[in-house]
Chemist: 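One structure is given below, represented as structure tokens, and several questions about it will come after.
None of these values were measured; they are calculated from a predicted model. Just so it is clear: chains get the letters A, B, ... in the order the sequence lines come, proteins before strands, and each one is counted from 1.
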Protein chains: 2
Amino acid sequence: MENHEHVHKHEVQETIQDIVRAMSAKGWRITDQRKKLAALFAESPGYLSPKDVYEYMRASYPGVSFDTVYRNLRLLSEMGVLEQIYLNEGLKFRARCRSHHHHHLICMQCEKTVPFEFCPMKHMSNFPQDFQVVNHRFDILGYCSDCSEAAKSGGTTDSLVPEA
Amino acid sequence: MENHEHVHKHEVQETIQDIVRAMSAKGWRITDQRKKLAALFAESPGYLSPKDVYEYMRASYPGVSFDTVYRNLRLLSEMGVLEQIYLNEGLKFRARCRSHHHHHLICMQCEKTVPFEFCPMKHMSNFPQDFQVVNHRFDILGYCSDCSEAAKSGGTTDSLVPEA
DNA sequence: CTGGCTGCAAAGGCTTTGCAGCTCG
DNA sequence: CGAGCTGCAAAGCCTTTGCAGCCAG
């Protein structure tokens, strides 16, 4: 456990450094605020809304403004450091996984993610010849163990996974 | 070809009727505008933005307002007649496929869709036991034959499909 | 008839932009 | 120091809401 935490902290530090390096490489300034932002995304296990980010930043920088948060989210997204997804009626952000290609289970309640290795693209062939594939998205939505109890009372309007 | 078109028109009529019936079953009034809306989604091969819908409706009903378009899109979505997806920086709508479960190739340019049968959920097992799966999304993005020429000049900022 | 639908107008969120001053490098 | 970052304020979408009149059923 102790060792696991140590490893985790090490990875977080790595990720922070990666993000900071990426910004630096683009010639952007490394302000304290941006370091804090890098730390937030390195630590966060799931998706964050602009509001989440704003709240978090405000804890350290009471005068922070929403527009700066948006500006930096945008910049980091355009850099490819963050990835966006539309979830629970809003745009959310998380650090793009840089290790290798994979997909996620996403908790619809707390928006935490769990990676898994299966990629459907490896199992598909026979695309229409005239369709030029560029990208794909595959997410599995549901409730994590922490949230599945609470979820039994109220669900969403989205359709369930059909069996056939 | 002639026969194919005939079949297509027949299907469109079916879909319109389905949508109208669904509205009627919920006790909603079948106004001319809503019939037109049903026809639009029955005919449309891809995703439509609220603006697209507004433009189309305005052709027949010059006085139509954006709020009515939104109201009806919302109602039809809540009914499950339409499905929403976040695409090209905006929320889009299309008639939910009622036939059977499948996924789509989506053209990032014109937002047309092509269905295919492969569903990754049938090939997956070994979910973390404590994650309660509710839903999934799997879309393949790219360019259809009509758009792939134009796309060679300018792409998007999204990542390509990694090979590993 | 009458409850629901519509257009109008206005408000509400979320996000972006212009600007002046401050700060990193 | 100078370009870039920040906060402030304001504007710009996109979407929703309140209201009075109209229309389908």
Side-chain angles (χ1 to χ4, degrees), chain A residues 16 19-40 47-79 81-82 84-93 111 157, chain B residues 16 19-40 47-79 81-82 84-93 111 157:
Chain A
I16 296 177
I19 296 176
V20 168
R21 263 193 295 267
M23 289 195 282
S24 190
K26 288 271 179 180
W28 299 348
R29 299 218 178 136
I30 310 306
T31 63
D32 286 351
Q33 238 183 82
R34 283 181 175 173
K35 268 185 237 164
K36 195 82 188 169
L37 197 61
L40 170 59
Y47 288 94
L48 298 171
S49 67
K51 195 172 176 182
D52 294 334
V53 176
Y54 173 67
E55 302 291 351
Y56 176 88
M57 293 300 289
R58 206 171 45 168
S60 306
Y61 305 89
V64 75
S65 61
F66 245 111
D67 26 64
T68 301
V69 168
Y70 275 111
R71 264 189 292 248
N72 285 327
L73 287 177
R74 175 111 88 109
L75 287 174
L76 288 173
S77 296
E78 284 173 0
M79 267 178 53
V81 167
L82 297 183
Q84 305 177 19
I85 111 172
Y86 191 83
L87 196 63
N88 292 337
E89 328 254 284
L91 212 46
K92 307 294 163 68
F93 298 80
E111 304 187 349
T157 57
Chain B
I16 296 177
I19 297 176
V20 168
R21 262 194 296 269
M23 290 194 282
S24 191
K26 289 269 180 182
W28 299 347
R29 298 217 180 138
I30 310 306
T31 63
D32 286 352
Q33 238 183 83
R34 284 181 174 173
K35 267 185 236 164
K36 196 82 188 169
L37 198 60
L40 170 59
Y47 288 95
L48 299 171
S49 67
K51 195 173 176 181
D52 294 334
V53 176
Y54 173 67
E55 302 291 351
Y56 176 88
M57 293 300 289
R58 207 171 44 168
S60 307
Y61 305 89
V64 74
S65 60
F66 245 114
D67 25 63
T68 301
V69 168
Y70 276 112
R71 265 188 293 248
N72 285 326
L73 287 177
R74 174 114 87 108
L75 287 174
L76 289 173
S77 296
E78 285 173 1
M79 268 177 52
V81 166
L82 297 184
Q84 305 178 21
I85 144 171
Y86 192 83
L87 197 63
N88 290 338
E89 328 254 284
L91 211 47
K92 307 294 164 69
F93 298 80
E111 304 188 347
T157 57

Chemist: Would you kindly give the CG-to-C1' distance between A:N88 and C:dC14, to the nearest whole Å?
Modeler: 17 Å
Chemist: Calculate the interatomic distance between B:Y61 atom OH and C:dG7 atom P; express it in whole Å.
Modeler: 10 Å
Chemist: Picking from D:dT17, D:dG7, D:dC5, which would you name as closest to the side chain of A:T68?
Modeler: D:dG7
Chemist: So which protein nitrogen or oxygen atoms get under 3.5 Å of nucleotides 19-22 of chain D's nitrogens or oxygens?
Modeler:
none

Chemist: Show, in sequence, the C-alpha distance, side-chain angles and deciding distance for B:K35 and B:I16, and conclude whether the side-chain contact (heavy atoms from CB on, under 4.5 Å) test is met.
Modeler: CA-CA 8 Å; B:K35 267 185 236 164; B:I16 296 177; 5.9 Å; no
Chemist: What does A:N72 touch in the nucleic acid at a heavy-atom separation under 4.0 angstrom: a base, only the sugar-phosphate, or nothing?
Modeler: sugar-phosphate
Chemist: Could you pull out all residues at least two apart from B:R29 that satisfy side chain to side chain donor-acceptor pair (under 3.5 Å)?
Modeler: none
Chemist: Can you find a pair of side-chain heavy atoms, one from B:Q33 and one from B:L37, that are under 4.5 Å apart?
Modeler: no
Chemist: If every non-hydrogen atom of A:V81 is compared with every non-hydrogen atom of A:A22, which pair is closest and at what distance?
Modeler: CG2-CB, 3.9 Å
Chemist: With a 4.5 Å limit on heavy-atom distance, are the side chains of A:D52 and A:S49 in contact?
Modeler: yes
Chemist: Rounded off to whole Å, could you give me the CG-to-P distance for the A:D67 and D:dG12 pair?
Modeler: 16 Å
Chemist: How many whole angstroms separate atom CG of B:L73 from atom P of C:dC5?
Modeler: 15 Å
Chemist: Between B:G90 and B:W28, just flag the one whose closest nucleotide in DNA chain D comes earlier from the 5' side.
Modeler: B:G90
Chemist: Give the rounded distance in Å between these two atoms: NZ of B:K26 and P of C:dG4.
Modeler: 15 Å
Chemist: Which residues within residues 29-39 of chain A lie with some heavy atom under 4.0 Å of an atom in DNA chain C?
Modeler: A:R29, A:I30
Chemist: By a strict heavy-atom criterion of less than 4.0 Å, which residues belonging to residues 47-57 of chain B are in contact with DNA chain D?
Modeler: B:P50
Chemist: Using side chain to side chain donor-acceptor pair (under 3.5 Å) as the criterion, list what pairs up with A:E111, not counting sequence neighbours.
Modeler: A:N88, A:K92
Chemist: Whole angstrom is fine here: how far is it from CZ in A:F66 over to C1' in D:dA10?
Modeler: 16 Å
Chemist: C:dG7 phosphate, OP1 or OP2: any side-chain N/O from B:R58 under 4.0 angstrom?
Modeler: no
Chemist: Counting distance only, does the side-chain N/O of A:Y61 pair as donor-acceptor with the main-chain N or O of A:D32 below 3.5 Å?
Modeler: yes
Chemist: Separation of A:R74 atom CZ from C:dC14 atom P, in whole Å?
Modeler: 18 Å
Chemist: Let me confirm one number: the CE-CD1 distance from B:M79 to B:I19, rounded to the nearest 0.5 Å.
Modeler: 8.5 Å
Chemist: Can you check whether B:V69 reaches B:K51 side chain to side chain, under 4.5 Å on heavy atoms?
Modeler: no
Chemist: Tell me, do B:L75 and B:R34 make a side-chain contact under 4.5 Å, heavy atoms counted?
Modeler: yes
Chemist: Sequence neighbours left out, what pairs pass salt bridge (charged side-chain N to carboxylate O under 4.0 Å, His left out) with at least one residue falling in residues 56-72 of chain B?
Modeler: B:E55-B:R58, B:D67-B:R71
